[in-house]
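Heads up: the structure comes next, in structure tokens.
A quick note: this is a predicted structure, and the numbers were derived from the prediction, not measured.
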Amino acid sequence: MRLSTGMNKPGLALILLFVALVASAQGATNIKVSYLYHFFTVRGYEVERPMILIADISCSKFYNPMTNWIDSLNSTPEGRAKYQASQPKMISSKDIAKIPNRWEKMYVYKDRKNNVLKRYDTIAAERYYYEEPLSQIEWVITDSIKSVLNYECVMAQADFHGRLWTVWFAPDIPLSDGPWKLEGLPGLIMEASDSTGQYSFSATGIEAGCGEVPPVYEEYLYENMSRKELLKHKRFFDENMGTIITAQTPVQGLRPSQLKSLELKADLDYLETDYR
């Protein structure tokens with residue numbers, strides 16, 4: 001059942017309440033939210049990625065649909081063969097972005113039963129994850145109100161892991177969740193942006209009754225480390241990418257212009273900046 005963005009608020013609240021009751025009884029999914037993830041990479045490139053939050057009353061998963069599809073295929077021998085067969089043998093650089101790939105490798109899994117958040121990522125070809133408690137964010141709810149997808153939303157702000165976030169949440173959508181790690185408000189977070197303008201999330205659509213929350217496929221491939229260790233490891237790789245690539249291709253190496261394109265911007269950082 002797709003919820004129209006033009007539905008009146010009482011009707012939406014009643015539908016979501018009904019879905020929540022059914023989800024509680026049957027283990028079905030409560031809600032699926034599509035987001036546009038807009039950000040500037042640490043090298044200054046502007047990027048937009050479609051993201052999905054799929055959630056019930058006990059857990060949720062935030063992910064890129066293409067990455068999730070590829071990982072679901074690769075989790076079985078038959079699917080892996082199908083995916084490998086879909087990859088072209090040769091391709092020009094201008095078409096590489098059109099190839100199905102794990103461009104956005106982030107997964108965030110929130111387990112409300114155990115009050116645990118799991119964050120998964122891939123650095124080069126290596127996969128890592130860490131755990132941390134839920135409900136770490138201390139929100140300040142304001143009196144500001146605006147409409148997002150025809151839902152009345154309230155503004156809240158919080159400092160979280162090095163960034164000041166401003167979000168807009170919908171009290172009429174009774175789900176205390178949102179994009180990425182953002183959660184803990186009395187309603188679904190529809191929009192979020194950090195104070196520097198480097199990162200933002202914007203809801204583009206909502207559905208209800210969408211099936212079970214999918215797992216993180218091939219979870220056994222991910223090595224456990226702490227949050228700050230993962231971020232430091234990611235920073236080391238990004239700072240030394242040119243050297244790493246040159247070492248892997250010693251005959252050709254990288255041209256000066258290519259090395260220049262790999263330089264990091266001093267004023268740009270990751271979603272969390274408190275790892276230094």
Side-chain angles (χ1 to χ4, degrees), residues 3-17 19-20 30-40 46-57 59-62 106 108-110 112 115-117 119 132-208 227 267-275:
L3 300 182
S4 167
T5 56
M7 184 178 293
N8 62 58
K9 290 178 290 183
L12 172 63
L14 287 172
I15 287 176
L16 286 173
L17 177 59
V19 172
N30 184 5
I31 197 167
K32 177 181 177 182
V33 189
S34 300
Y35 289 93
L36 182 64
Y37 176 31
H38 179 271
F39 63 100
F40 292 86
E46 187 173 9
V47 177
E48 288 186 342
R49 299 270 191 252
M51 303 295 288
I52 297 292
L53 173 71
I54 189 163
D56 61 28
I57 59 173
C59 64
S60 68
K61 179 181 175 183
F62 183 69
M106 164 176 57
V108 177
Y109 190 91
K110 303 182 184 107
R112 294 187 183 84
N115 195 42
V116 171
L117 179 149
R119 167 75 155 83
E132 60 183 338
L134 277 173
S135 304
Q136 297 185 90
I137 308 175
E138 297 182 2
W139 295 104
V140 176
I141 299 176
T142 73
D143 295 328
S144 299
I145 295 174
K146 77 170 184 177
S147 177
V148 180
L149 294 179
N150 290 335
Y151 309 136
E152 186 176 275
C153 294
V154 180
M155 189 178 83
Q157 292 184 311
D159 287 303
F160 182 60
H161 289 177
R163 290 189 182 275
L164 173 62
W165 286 92
T166 297
V167 306
W168 296 88
F169 69 95
D172 291 311
I173 305 180
L175 183 68
S176 183
D177 211 329
W180 183 52
K181 295 182 177 183
L182 303 175
E183 51 90 32
L185 285 162
L188 175 70
I189 295 174
M190 303 286 283
E191 287 186 1
S193 59
D194 86 296
S195 59
T196 71
Q198 187 182 349
Y199 293 97
S200 68
F201 303 92
S202 302
T204 58
I206 302 175
E207 299 176 54
R227 180 179 69 87
D267 59 336
L268 299 177
D269 210 332
Y270 305 128
L271 277 162
E272 297 161 289
T273 66
D274 59 344
Y275 60 94

Any chance the rings of Y35 and Y37 have centres within less than 6.0 Å?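 No, they do not, as the ring centres are separated by 6.0 Å or more.
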Suppose we screen for side-chain contact (heavy atoms from CB on, under 4.5 Å). Which residues come up paired with I141, at least two apart in sequence or across chains?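 With neighbours one apart ignored, the set is V154, A156, F169, L185, P186.
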Please identify each residue that fulfils side-chain contact (heavy atoms from CB on, under 4.5 Å) with S147, with sequence neighbours left out.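 With sequence neighbours excluded, S147 shows a side-chain contact (heavy atoms from CB on, under 4.5 Å) to N150, given in chain and number order.
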Does a side-chain heavy-atom distance below 4.5 Å link [X] with [Y]?
| X | Y | result |
| --- | --- | --- |
| F40 | D267 | no |
| L117 | P133 | no |
| R227 | Y275 | no |
| I173 | M190 | yes |

If you look only at pairs with a residue in residues 185-194, which of them pass as a salt bridge (charged side-chain N to carboxylate O under 4.0 Å, His left out), with sequence neighbours excluded?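 Sorted pair list: K146-E191, R163-D194.
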Work out which heavy atom in [X] is nearest to a heavy atom in [Y]; give both atom names and the distance.
| X | Y | result |
| --- | --- | --- |
| W139 | G184 | CD1-O, 4.0 Å |
| I57 | R112 | O-CD, 3.8 Å |
| S144 | W168 | O-CZ3, 3.6 Å |
| G178 | I189 | CA-CB, 3.9 Å |
| L182 | A192 | CD1-CB, 3.4 Å |
| N115 | S135 | OD1-OG, 4.2 Å |

Any chance the side chains of T166 and Q157 put a donor and an acceptor closer than 3.5 Å?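 Indeed, the side chains of T166 and Q157 share at least one donor-acceptor pair under 3.5 Å.
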Within this structure, what is the [atom1]-[atom2] distance for the pair [X] and [Y], rounded to the nearest 0.5 Å?
| X | Y | atom1 | atom2 | value |
| --- | --- | --- | --- | --- |
| Y199 | S193 | OH | OG | 13.5 Å |
| F160 | Q136 | CZ | CD | 5.5 Å |
| I206 | L188 | CD1 | CG | 6.0 Å |
| D177 | I54 | CG | CD1 | 11.5 Å |
| N30 | L175 | CG | CG | 5.5 Å |

Could I get the full list of ring pair (Phe, Tyr, Trp, His ring centres under 6.0 Å) partners for W165, not counting sequence neighbours?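 W165: ring pair (Phe, Tyr, Trp, His ring centres under 6.0 Å) contacts with W180.
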Under the side chain to side chain donor-acceptor pair (under 3.5 Å) rule, collect the residues that match up with D159, sequence neighbours excluded.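 Partners of D159 by the side chain to side chain donor-acceptor pair (under 3.5 Å) criterion come out as none, since no residue qualifies.
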Is E138 atom CD crowded by more than 12 heavy atoms from other residues, nucleotides or ligands, each under 6.0 Å away?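 Atom CD in E138 is not crowded, with 12 or fewer foreign heavy atoms closer than 6.0 Å.
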Sequence-distant partners of K181, salt bridge (charged side-chain N to carboxylate O under 4.0 Å, His left out), two or more places apart: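 E132, E272.
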Check whether any side-chain N or O of T204 sits under 3.5 Å from a backbone N or O of L36 as a donor-acceptor pair, and report yes or no.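 Between the backbone of L36 and the side chain of T204 there is no qualifying donor-acceptor contact (under 3.5 Å).
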Output yes when a side-chain donor or acceptor of Q198 lies under 3.5 Å from a complementary backbone atom of L268, and no otherwise.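 No; zero donor-acceptor contacts below 3.5 Å.
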